[in-house]
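Here's the structure we're looking at; comments come further down.
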Amino acid sequence: MSATQMVRQWHNAVKLDLLATLHGHQGKALALLSWGMAASGSCCSGSIAARLPVAAKPASTRRRMERMLANDRLDATAAMLELTQSLLRHWGGRPSSLLLIPD
C-alpha cells in the first residue's frame, strides 16, 4: 500500500469517525497534519511538511498548514472535544493514561 493510499484511509477515518462535524477541508487538513506528525516523529511544521505525500513543495505545504492552524474559523477547542469523545466513546469507563512526549 502506498503512502498516498494510507493517508487517504486515515483521512476517511478522521472525516467519518473522529471529527465528523468539522468542515471537510478542515478535517482533511487536520488528518494530513496528524499523519505528518506521526511520519516525521515531530510537531515542527518544516519536518511535517517534508514527510507528507503531496505534490506541493515542502515550503508551500508548511505555509498552508500554518495558515490553517491560525485560521479563526477552526475551533480548536471543539475539535479537541469531538476527538476526545470519539476516542473514548467505546472505552467503557476503564482507566486510561495519557503519555506526553516533549518534542
Side-chain angles (χ1 to χ4, degrees):
M1 177 180 297
S2 72
T4 303
Q5 290 171 320
M6 288 187 276
V7 170
R8 189 173 296 123
Q9 282 184 343
W10 175 240
H11 168 253
N12 288 335
V14 169
K15 181 180 172 185
L16 299 174
D17 299 329
L18 301 176
L19 298 171
T21 63
L22 278 184
H23 185 275
H25 295 299
Q26 290 176 341
K28 182 178 181 179
L30 289 174
L32 196 59
L33 179 66
S34 64
W35 174 270
M37 284 182 186
S40 68
S42 173
C43 62
C44 297
S45 59
S47 300
I48 295 168
R51 296 295 303 253
L52 293 177
V54 294
K57 293 181 180 178
S60 176
T61 303
R62 178 186 56 80
R63 288 191 302 272
R64 187 176 299 126
M65 286 187 305
E66 290 172 354
R67 281 193 308 268
M68 185 267 305
L69 292 172
N71 189 338
D72 291 336
R73 291 182 288 180
L74 176 63
D75 187 352
T77 302
M80 284 190 304
L81 288 173
E82 184 176 359
L83 177 63
T84 303
Q85 290 171 348
S86 297
L87 293 173
L88 298 178
R89 182 178 304 129
H90 303 291
W91 201 254
R94 296 178 300 224
S96 62
S97 299
L98 176 64
L99 177 64
L100 301 173
I101 301 172
D103 189 22

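Checking side-chain atoms of Trp35 against main-chain N and O of Leu52 turns up no donor-acceptor pair under 3.5 Å. In this structure, Glu82 contributes its side chain and Thr21 its backbone to a donor-acceptor pair below 3.5 Å. Judged purely by atom type and a 3.5 angstrom limit, Gln26 uses its side chain to pair as donor or acceptor with the backbone of Arg73.
In this structure, Met68 and His25 have side chains that are not in contact, with every pair of non-hydrogen atoms separated by 4.5 Å or more. Residues Arg64 and Ser60 meet the side-chain proximity criterion, which asks for heavy atoms closer than 4.5 Å.
Considering every non-hydrogen atom in both Ser45 and Glu66, the closest pair reads OG-OE2, 2.6 Å. Between Ser40 and Ser47, the closest heavy-atom pair is CB-O, 3.6 Å. The shortest non-hydrogen separation linking Ser42 to Ile48 is O-CG1, 3.7 Å. Taking all atoms of both residues into account, the shortest heavy-atom contact from Pro58 to Ala49 is O-CB, 3.2 Å.
In the hydrophobic clustering of ILVMFWY residues, with side-chain heavy atoms under 4.5 Å counting as a link, Leu18 and Met80 come out apart. Both Met6 and Leu33 are assigned to one and the same hydrophobic cluster, defined by single-linkage of ILVMFWY side chains at heavy-atom distances under 4.5 Å. Linking Ile, Leu, Val, Met, Phe, Trp and Tyr whenever their side-chain heavy atoms come within less than 4.5 Å puts Val54 and Met65 in one cluster.
The only option from Val14, Leu22, Leu30, Leu19 that meets the side-chain contact (heavy atoms from CB on, under 4.5 Å) definition with Leu83 turns out to be Leu19.
Distance check, rounded to the nearest 0.5 Å: CZ of Arg8 to NZ of Lys28 gives 8.5 Å.
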